[in-house]
Structure formats: C-alpha cells, structure tokens
Enquirer: 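If you scroll down you'll find the structure; I have some questions about it.
Counting begins at 1 with the first residue of the sequence. Since the model is a prediction, treat every value here as computed from it, not as a measurement. Atoms within a ligand are numbered from 1 in the order they appear, just like the ligands themselves.
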Amino acid sequence: SDRAETERLRGRIADALDRARRRTIGLTECVDEAELVEQHSRLMSPLVWDLAHIGNQEELWLVRDVGGREPVRQDIDHLYDAFQHARADRPALPLLDPAQARDYVGSVRDKVWDVLEHSPLRGNDLVQDGFAFGMIAQHEQQHDETMLATHQLRSGEAVLSAPPAPGARVAVSGEVVLPAGEFIMGTDSDPWALDNERPAHPVWVDAFAIDAAPITNEQYLAFVDDGGYERAELWSERGWAHRVAAGLTAPQFWEQDSGGHWWRRVFGTMQPLRAHQPVVHVCWFEAEAYANWAGKRLPTEAEWEKAARFDPATGRSRRYPWGDIDPSEALANLGQHHLEPADIGAYPAGASPAGVHQLIGDVWEWTASGFEAYPGFRAFPYREYSEVFFGGDYRVLRGGSFGADQVACRGTFRNWDHPIRRQIFSGFRLARDLRSDER
Ligand code: AVJ
Ligand code: FE
C-alpha cells in the first residue's frame, strides 16, 4: 500500500541521516577541543566549522523550509554560509565552540525527526520521494569526507583506525574496448540525484579503450622514476607552472627513505607503498602529465559514465557498474570501512559487464571534462550547489572514494575541484581513442 511504501521511505531516510551522524560524531570526538578549532591546512575549515555547518544546512532546509518550524539559531547563518567566508578566514570567526556546536546539531536533528514524522514526503518537488532529506544526508556525508581529508592533513599521532583494505581477488590489467554508440547520460528517475546529474540525455560516444582499473602506485612510481616530474614536455604549460611553483615531486603524502624505499603517510601512520593500490592524492595536472608519459589521455566524463552504467545486453543505463542494487562491502570500497584504496582486483563482483573494475569506490577519478550543465539543466533547489560552479576552473571527478558514503555516490554522481587540488582522495585511470585497425 501507499502507506507502507511511505513508511519504508521514512525508514530509509532515517537510516541515511543516522549513518551520516554517527560518522560525523566519530570524526569529531576523537580529537581534543584545541584540535577541533584549529586549522590543519589553509585549504580546510576547522573541524568545528564543518560540524556546525552540517547542522546549519540541515536547519535551513529541513527545519525551516520543509518543516516550516521556528529557527533554532537564525543569528549564526552568516557564519556557516560557505560563500561569505573563505576556508582560510573561518578560524577567526566567532564560531560556536565544540560543546555549543554539538548541542546545536543535536537540537536541529531532534526537530528533523519530528519534521520527518509529519512530512507526507510528496506534494512538492522538494520533499517528493524524500529528496530534501536525501540531499541533506548527502551534504553531511560530503562534509564527512572533507573532514576525513582534514584528518589526513593533521599532524600528530593517529586517531582513526580501520582494517586494511582488501587485496586482489582476481588479476586485473590492461584495457577494455567500448564500441561506438549512444547511451543515456544523467538521470530523471533517481529520486535523490542532485540537480547537476539531471536531466537524462542521449550522448554519442565514439569507440574508445579505457583502463580496466585505476592507475596503481607501482605504475605511478615508474613515471616518477622515469623523471616524470623533471620533464617539462610531459606537462601542460599551466601544469608545469604549478609543478614548479608548488614544488611537486611525487603524490602528496609520499616519502622516500634514505634506502630509496617509498612510504605513504596515511592518517598519521607510515606505510610502505602498496604496489597494486590505486594512486591517491594526485592533482589533475599530475594525472595529465602521467597520461602524456603513457601516450594516453584521461577519459571524458561521458566515456567514464558509459563505462560505468551502459548495459550492452539491454542498451539501458544502470545505477552502478554491477547493476541497480545498492553498494555493499563485496561490491565496492566505500563508506570509510577502510582508510585507503583497495588493491586492483579486490572487487570482481563490482565490475561492469565489459570488465571495467573499481569504477565505484577506492579513489575519485579525474576526468578530462570541465564541470558544465547538462542540456536542459535546472538549478534545484539552490543555485549555489552546482550552477555557480559551471564554467569555472573545475574538473569533474567520478566514482567516489573509500571515504565517500553510498548515499553520495552512484554512476551519475558528479564531483568537481580545481585542477591543482590533491588533498582530496583523487586518483585516475586512462583512456585512448582506438587506432583504425582496432575499430
Ligand atoms: C561537490 C564536494 C565539490 O564540498 O565543495 C558541500 C559539496 N556543497 N557543501 C564541496 C558541497 C556544499 C561540494 N563538492
Ligand atoms: Fe556545505
């Protein structure tokens, strides 16, 4: 019945909100007050800002807009508006202290439970199929991933721990060829898809080859060892200027010991470089230089999405490479179950029909594409989520990382960042046009 259906949806919403909050609490209770208010990198907000900002967005959309309730704290809106204060300026603001921030997010959430209980979850676009609640769960999880990146940047002893990511279960190497043809990119039907993933539209994609797996540490190390960071001809002009100005010599958090062995600093612990793990913490310019060195290129966003969603048996675009069912620990490395990417071949059950592995989870994959609106785009419910970033200096990343939750990761999900950024959990795989004898 309709009623049972609505109750099931309420349950799914409650699970998504709860899971996000448990993660937020986990990321903010394991460091002391001083560490919550300090800035660990100029690229990041103090953790206590993310915490109260999560509550403030939830208050704006769910308590005030959906619920029509009285504000919890209207006086603090401006402090937590990401467009009013740059990240570097946030520590100097009169922010809520950690105890106040915890109280605040708790009071907001208490009201949200009441709003959820009374919302018909239909009647207008904002609440249809629980969209606003799904949007807020995704927002919290995206900030949780940002806070996880802040944890990776902080110095001092490790405070987070998790079991190591799985090793290979099958051997995966080489490329997969996808024949030319149209596919449906984006979605009209995924109820919690965000505005930039809409609308569904046909896109012609020429035949291309795409790597069966992301580029690994071992592959990337070959580029480093071959003088990749010293050879200007491998880099674009902008990329080289950045490489020099920022002094890049290897992915962020890589360290070489006096014996020549490479290590990676991972959330406060030193680990020997795992050869078959996807490289992580590289910027778009590093991915571009690697591609030039390898004689290949980054996939376009359309190529990536076709590899991830197109089902050749039916011609339909699905939610995930493996089909339409939700991710699980057997299918993809998502949800901060591990604090690192898994080795290539660790998720055979998550591969696409054509045999492309680990498109979802492990690392966000840089694409060749800038962040642009799809034809027929409509900003919803606010211009500042996506629209104000279109046409800017951003490149699209796809597929989600080990630190992305499944609520904010699917075959259509689009992430974006500046091409110099690498504090995010970013890696890449390569693609190429087919030679005439391969077509
Ligand atoms: C989509 C990850 C680029 O964190 O800047 C969070 C998500 N938008 N709050 C970001 C977002 C508003 C956004 N990214
Ligand atoms: Fe935000």
Enquirer: Could you grab the protein N, O or S atoms closer than 2.8 Å to the Fe ion (ligand 2) for me?
Expert: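 Under 2.8 Å from the Fe ion (ligand 2) - ignoring waters, which are not counted - the protein N, O or S atoms are His53 NE2, His139 NE2, His143 NE2.
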Enquirer: What orientation do Tyr290 and Tyr220 show, parallel under 30°, tilted 30 to 60°, or perpendicular over 60°?
Expert: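 It falls in the parallel class, under 30°.
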Enquirer: I'd like to check which ligand 1 atoms, numbered from 1 as shown, lie under 4.0 Å from a non-hydrogen atom of Asn415.
Expert: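 With Asn415 as reference, the close atoms of ligand 1 come out as 1 (C), 2 (C), 3 (C), 14 (N).
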Enquirer: What part of Glu384, side chain, backbone, both or neither, has a heavy atom within less than 4.0 angstrom of ligand 1?
Expert: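 None of Glu384 does.
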Enquirer: Would you call the rings of His281 and Phe253 parallel, tilted or perpendicular, taking 30° and 60° as the class edges?
Expert: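 Plane angle over 60°, so perpendicular.
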Enquirer: Below 4.5 Å, heavy atoms only, C-beta onward: do Ile76 and Tyr104 meet side chain to side chain?
Expert: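 Yes; the side chains approach each other to less than 4.5 Å.
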Enquirer: Which protein non-hydrogen atom lies closest to atom 5 (O) of ligand 1, naming both residue and atom, and how far is it?
Expert: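 Going atom by atom, the protein heavy atom closest to atom 5 (O) of ligand 1 ends up being Arg87 NH2, 4.8 Å.
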Enquirer: Flag His143 as yes when one of its N or O atoms lies below 3.5 Å from any N or O atom of ligand 1, and as no otherwise.
Expert: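 The answer is yes, given that His143 and ligand 1 share an N or O pair closer than 3.5 Å.
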Enquirer: Does any N or O atom in His139 lie less than 3.5 angstrom from one in ligand 1, N or O only?
Expert: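 The answer is yes, given that His139 and ligand 1 share an N or O pair closer than 3.5 Å.
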Enquirer: Kindly confirm or rule out a cation-pi arrangement of Arg395 over Trp284, judged by NZ or CZ under 6.0 Å from the six-membered ring centre and within 45° of its axis?
Expert: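 Relative to the ring axis of Trp284, which defines the angle, Arg395 lies inside both limits.
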Enquirer: Closer than 3.5 angstrom, by distance alone: can the side chain of Thr28 be matched with the main-chain N or O of Thr24 as a donor-acceptor pair?
Expert: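 Present.
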Enquirer: Of the side chain and backbone of Trp416, name the one, both, or neither that has a heavy atom under 4.0 Å from an atom of ligand 1.
Expert: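 It is both backbone and side chain that touch ligand 1.
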Enquirer: Dump the intermediate steps for salt bridge (charged side-chain N to carboxylate O under 4.0 Å, His left out) on Arg422 and Asp417, then the final yes or no.
Expert: CA-CA 9 Å; Arg422 59 182 200 165; Asp417 215 328; over 6 Å; no
Enquirer: Can a cation-pi geometry be assigned to Arg90 and Trp49, taking NZ or CZ under 6.0 Å from the six-membered ring centre and within 45° of the ring axis?
Expert: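 Checked: cation-pi criterion met.
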Enquirer: Starting from atom 4 (O) of ligand 1, what is the nearest protein heavy atom, named by residue and atom, and what distance separates them?
Expert: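 Looking at atom 4 (O) of ligand 1, the protein heavy atom closest to it is Thr146 OG1, 4.3 Å.
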Enquirer: Does Asp343 offer a backbone N or O that forms a donor-acceptor pair with the side chain of Gln358 under 3.5 Å?
Expert: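 Yes, the answer is positive, given that a donor and an acceptor are paired below the 3.5 Å cut-off.
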Enquirer: Kindly write out the residues that satisfy salt bridge (charged side-chain N to carboxylate O under 4.0 Å, His left out) with Arg8, not counting sequence neighbours, or none if the list is empty.
Expert: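 With sequence neighbours excluded, Arg8 shows a salt bridge (charged side-chain N to carboxylate O under 4.0 Å, His left out) to Glu5, given in chain and number order.
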Enquirer: For ligand 1, does Asp417 get within less than 4.0 Å through its side chain, its backbone, both, or neither, judged by non-hydrogen atoms?
Expert: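 Under 4.0 Å from ligand 1, Asp417 contributes no heavy atoms.
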Enquirer: Please work out whether the ring planes of Trp416 and Tyr385 are parallel, tilted or perpendicular, with thresholds of 30° and 60°.
Expert: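 Perpendicular.
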Enquirer: Suppose we measure from atom 8 (N) of ligand 1 to each protein heavy atom; which comes out shortest, and what is that distance?
Expert: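 Of every protein heavy atom, Tyr385 CE1, 3.6 Å lies nearest to atom 8 (N) of ligand 1.
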Enquirer: Which option out of Gln138, His418, Gln142, Arg414 puts a heavy atom nearest to atom 1 (C) of ligand 1?
Expert: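 It is Gln142 that holds the nearest heavy atom.
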Enquirer: Phe223 vs Tyr229 aromatic rings, parallel, tilted or perpendicular, using cut-offs 30° and 60°?
Expert: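 Rings of Phe223 and Tyr229: tilted, 30 to 60°.
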